[in-house]
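Just so it is clear, the model here is predicted, and its values are computed rather than measured. So you know, we letter chains A, B, ... as the sequences are listed, proteins then strands, and number each from 1. Below, all heavy atoms of this structure are taken into account, side chains as well, without hydrogens, waters or symmetry copies.
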Amino acid sequence: MIPIKLQIQHIHKAFKNHVTALEDISFSISQGEFVSVIGPSGAGKTTLFRLLNGTEDCTKGQILIDDHPMENIRRQQKRQFKKNMSTIYQDFCLVENSSCLENVLTATLPDMSFFPAVLGLYGTARTEKALQLLTRVGLAEKEQEPVKNLSGGQKQRTAIARALMRQPSLLLADEPIASLDPVTGRQILSLLKDIQQKDGVTVLMNSHNLELSMEFSHRLIGLNNGRIVFDGSPDEINDSVIRTIYGNSSVCSLNKNRKDVGL
Amino acid sequence: MIPIKLQIQHIHKAFKNHVTALEDISFSISQGEFVSVIGPSGAGKTTLFRLLNGTEDCTKGQILIDDHPMENIRRQQKRQFKKNMSTIYQDFCLVENSSCLENVLTATLPDMSFFPAVLGLYGTARTEKALQLLTRVGLAEKEQEPVKNLSGGQKQRTAIARALMRQPSLLLADEPIASLDPVTGRQILSLLKDIQQKDGVTVLMNSHNLELSMEFSHRLIGLNNGRIVFDGSPDEINDSVIRTIYGNSSVCSLNKNRKDVGL
Amino acid sequence: MTRSSKNRWKGLACFLLFLCLFLFTVVYTQCDPVLFWKRRSHLTDLLSGMFPMDFAYIPHILTPLFYTIQMSVTGTVIGSVLACILAPACAGSMDFPKWIRYVLRFLIQILRSFPALILALCATFLFGLGTFAGTFAITLYTFAIMTRLTYQDMEAASPLAYQALRTMGVSRFPAYIHGLFPEIAPSFFTNALYMLETNVRHSSILGYVGAGGIGLLLNEKISWLEYEKVGAILLVLFLAVFTIENLSRYLAALIRKECTLKKKYIKLLLFFLTALFVVCTITLSPPDFGRTSLQTMKNMFSGFLSPDWSFFFSTKKDGLFTLILETLCIAFAGTVIGTVFSIPLSFVNTRRFVPGSVAFIFNLLIIAIRSIPFLIYGLIFIRVSGPGPFTGVLTLSMCSIGLLTKRFTEALDAIDLKAYRALLAMGVHPVPAICHGILPQLKPIFISIFLYRFDVNIREASVLGLVGAGGIGAPLIFSMNQYAWEKAGAILLGLILLVWLIDMISVKINHIL
Amino acid sequence: SDAKTIDSLKIAFSPYADSDTITTATEPLENLLKETLLEKGYDVENVDMTVGTSYTAVGQALSAGSADIGFISGGNYVLFSDDCDVLLTALRYGINKDSDDPKDWNDGTVEENTDDMSTYYRSIFLAGPSEKGQALLEKVNNGEELTWDDLNDATWAVMGPTSASGYIYPSLWLLQRYGKGISDLDHAVESDSYTTSLARLASGQADIMVSYAHIRTKYAPEWKETFGGTDDMINQTGVIGVTDKIYNDMIAYSKTSETMADQDFRQALGDSFIEIAQTEEGKDIISVFSQVGYEWGDDSNYDGEREAQKLLKSEE
Ligand SMILES: Nc1ncnc2c1ncn2[C@@H]1O[C@H](COP(=O)(O)OP(=O)(O)OP(=O)(O)O)[C@@H](O)[C@H]1O
Ligand SMILES: Nc1ncnc2c1ncn2[C@@H]1O[C@H](COP(=O)(O)OP(=O)(O)OP(=O)(O)O)[C@@H](O)[C@H]1O
Ligand SMILES: [Mg+2]
Ligand SMILES: [Mg+2]
């Protein structure tokens, strides 16, 4: 496990169609933290994660990894950094035609040399491990099923198993439990918490389940309309914070306010 | 609004790969009910919805619409029935390359005559209405954006707007708020409740958010491993019911049991 | 609202522009539907001559067919494997270095511009007469086409899983093999088998390398007006195409995991295919370097390198410019007409939209259309419309229908039907459901297939030449026959530039749409 | 005034040269024809001239009536003579060797064009610089008869099976002597053009090629440069066989065309071509076909060709 220090400095992201998804975001995460990003739909959470894992480039600002700006890092090191990071995508990003097991195994490709990697010769050790992980997320029997035949939650769990297969130092989890029932969801979060505590993995999560986010994280970052509006521990969350994060007209779900909302 | 009476009798569903997704499911729904299906991931909820809207055929058993078995209904009538039903899909099923507005407008195609439908001449009245709906789900500014550029939650709301555009008598909502933040999620459910109450629409929902399901529904159906294990009002839900629905090892989320789960 | 109506106007403008272009080309190539209708009785008189087929002739076809298949199998396999390896570096949606992409695309562009006959000639001058030279030519030809088709598929496929692997630090190539290839594999294998089939059908070049191929036999029987025998050859071709087509469908379904096969049988199948490849390869005649004709090769290339500039820049009636314009018009009109027929045909050609029996019947029809070589179409249409560009347009349309329907069908088989099914479930009539649920997804794919076929049609100008249809084909063939390589070089350069230009335009078009 | 009006006259040319050279060269023909025909009482409104790239294509067009007259080869004419008939036979300049004994051709000089017009030409078997080729040539020059085995051992470069000088007549020659044709040879390779045959011959890939007799007249200067010969063509090649007379190309008319059904019009058209061919301008035009004039043709001139084809087909 190589510890990673992540600093985000004043990043902006505007898409080609002039939608500004993120504006002046700065925060830093130290190794071993469990941080949750929360915010309304369209706030820019997924975009933030995609910037962090390098799928998109930011328009302004910079991301520092162990104090080096990401764009200046030499290729070899960047690869190393990427190897230590894995992402659970909101839309899963699985290979639909491949089986569950194959998808999980692809996570070991970065550690393999070229030809075995191309030919997909994973070896028994890796396969064993992938099967174990699949069992842990409750997909042991779907091992050989092509991903396109899985239910929403099963796909999500495959994506989770793939991310964990990497044994990352930094785990970016974009809505990892959105499609899971409360019990499985809780189990998955416990699993994440577990690896965070035991192995010191940094977890940056993003979830619409406020309760679970508060329960499992050390720290919450509130995003609204592309800006950080809150950054603090779960204890600091209160009605007015919720209102700043989710918008003014919002009804605090903490209070379980059951009266109808004028939409 | 044409009332629909839906009866499901002993249906079974097995996929080509011999996975049995549903076994001996029977229940009926009368017009104007708000029913939630709950159950663990992979229980067969989506499959049930797909059988109901005719995307898949059941292997055994039958679905009665106003006391007529679905397969015996003549084509004209079946079309009529389909017209009165709309579905919010778990995986959205939107046309990714078309804009948000176009996707919503496609819901009006069944009411149009052949050539205008083929050419997509929706007319201003329909466009107005679609825009109104988009405003209600909070997507007014994304109207012209191709769906592939939307965030997860925005896609989901587009799918909801499309389903509502139909003004159905039966609304099948498969995890309509999975990708939405608590506030927006609540607003959307209120909206569904609203049309259910005002227009007498039957809503058959499926959500992993137990709390909201209990809050909004008249009746809950618990599904586990393809079988109905519970069918009753939200008041009847208790720890042991939760345990039968979500599996034995489950920790009841109702109790907000925060201790770690052995996975 | 303003933006939406603006979009609609833009769409309408594009459509009108397209229509104008089409009308211009139709007029320029002297297309005359009235004449066509008046002389339609001649459409069938040549075909009817093929019945009853001369079954006794079939045994004579088998040896050449074997040679053809032998060379085609080896060439197609090697060419496709090379394509599979190099294609990702050409795809814009992947993060391979840009310069590699440009260099490779350029090379492939050039390679594809060389008529197969020139490749075959080069190969024989280098390796001597024999199956080796033929295989070499087929390999190059297949490689160029397969690379193009494959990177096009890649650009149409969703790159999400590939990107996910890349962010984990997987190197490009393994990430491509495991993250993207499984998604395009069905169409990759169908394309490869399609190439095999094309190579078997258009194997006339194989005759020129001393291997007899079924193409030469066909040319001979056509020229001698022995239509019963032509019929017999076509029947054999039809069967070959039918077999390959079904094999490819089955393979694609297997890859998409739509049907399953026991591990044991998969191994058996793999073993059988490998054995076939090995047998075909080791029975090839070894190259004969003792009789290479380097001087001729040198002439050829120095000719290509110093093209005939006065011809190149000539604006006279027999100058390059007029010829290319004519070729462009014939190719455009032919491709458009082909497309108009293929789109509906492709929808009834797949089980996803129509019942199995209907799909089967149309599939037979399309296989029949495809197994008839362009020469026969040329002769059929020449009887109707006489020599001239109109015949070229008609012939190209028919040839285009084969490939276009195949590619469209493939795109339809690969596409995500979720949105379409959602519309059907709401009670939308299937036709509007296709228009609004599928076409928007397919539009970019269809457009790129259309543009690809257009570009193939321009390059296959030599085909036009063979049916006497004007354009650049005849001068190209003639200068090749005369070994006037400077002139051939000028024509090829013109073609390369033209196709490059079209490529640029098509990239722009794909951007806009 | 009393001129008969003909809507359009469709002329199809076989690809004697590349189509645009033909198109450009024949452009003036339209007006010349119109004028000459008008003098003979026919007002032709439109003369439609097109070039087909394959001989068969032009034959098909004539046979279906989508062309009224066509410039085609004798071999092709025979194939389609059910549906078309000969109008004129073309004249060409001959060459200075016309013997059917190959020894006479190997006198150390390249054949030359003469000024005599002739209605026929011949095809030759040309042995190349390869060992095998030279051995065969020596045998012939020594007055020995070649055996079938001699020929069958060699590699042949031949043309497509409808080519008169590149396939049909050579095949006939073999048939008459050995009872076997080109298709019975073990190593006969079809070339896409005579030039490819020459390149193969020069490199030794082929030992024998078959071609029209004036091939050396045309390509001897290029032998080393273009085809990679190591010495002058006349030193490296020799004739080992000469075929019968092959009748020249011709102008045929379609029997299915309504325009051509008129006997008087045919007469007028034929006369016009003969007249035009005698003018300077006309000579220029038809020189792209390597033709120098026309004579009234007769179907029976092509009986030899018919015989040859029949033999070839039955032999299969
Ligand atoms: N590729 C893109 N092109 C244009 N705009 C985009 C693109 N991707 C995202 N956006 C826009 O950027 C904004 C932020 O999107 P993002 O996906 O980050 O939201 P999110 O916080 O993840 O929302 P959700 O909770 O709904 O997933 C949205 O308004 C979205 O429409
Ligand atoms: N097309 C298919 N082919 C084979 N098996 C399938 C197919 N679709 C679903 N299944 C299987 O059927 C079972 C039920 O799937 P379904 O999608 O109905 O679950 P679900 O209750 O909706 O779960 P989730 O909450 O995760 O969405 C799962 O085990 C799934 O793997
Ligand atoms: Mg998101
Ligand atoms: Mg589901």
Query raised in the report: Between A:Val95 and C:His178, is any pair of side-chain heavy atoms under 4.5 Å apart?
Result: no
Query - Per-residue contact mode, A:Gln80 against chain C (heavy atom under 4.5 angstrom) - result: neither
Query raised in the report: Taking only heavy atoms into account, what residues of residues 140-157 of chain A are found under 4.5 Å from chain C?
Result: A:Pro146, A:Lys148
Report task. Please state whether the side chain, the backbone, both or neither of A:Asp91 comes within less than 4.5 Å of a heavy atom of chain C. Result -> side chain
Query raised in the report: So do A:Glu96 and C:Pro182 actually touch side chain to side chain, heavy atoms under 4.5 Å?
Result: no
Report task. Check the pair A:Ser98, C:Glu183 against side-chain contact (heavy atoms from CB on, under 4.5 Å), reporting the backbone distance first and the verdict last. Result -> CA-CA 8 Å; A:Ser98 298; C:Glu183 311 283 33; over 6 Å; no
Query raised in the report: Among A:Leu172, A:Asn53, A:Leu52, whose side chain to side chain contact (heavy atoms under 4.5 Å, CB included) with C:Thr167 holds?
Result: A:Asn53
Query - Interface residue of largest heavy-atom contact number with chain C, from A:Val118, A:Thr87, A:Leu94, under 4.5 Å - result: A:Val118
Report task. Could I get the full list of salt bridge (Lys or Arg N to Asp or Glu O under 4.0 Å) partners for A:Arg126, not counting sequence neighbours? Result -> none
Report task. Pull out the residues in residues 146-165 of chain C that come under 4.5 Å of chain A, heavy atom to heavy atom, sorted by number. Result -> C:Leu160, C:Ala161, C:Gln163, C:Ala164, C:Leu165
Requested in this report: Mind telling me whether C:Phe173 and A:Phe114 have parallel, tilted or perpendicular rings, with 30° and 60° as the class edges?
Outcome: parallel
**Report entry** Among A:Arg162, A:Lys83, A:Met165, the one residue meeting side chain to side chain contact (heavy atoms under 4.5 Å, CB included) with C:Met168
**Finding:** A:Arg162
Report summary line: So, the part of A:Ala159 with a heavy atom under 4.5 Å from chain C: the answer is neither
Report summary line: Separation between OG1 (A:Thr106) and CD1 (C:Ile177), nearest 0.5 Å, reads 13.5 Å
Report summary line: Among residues 406-420 of chain C, residues within the sub-4.5 Å heavy-atom range of chain A, in order of number, are none
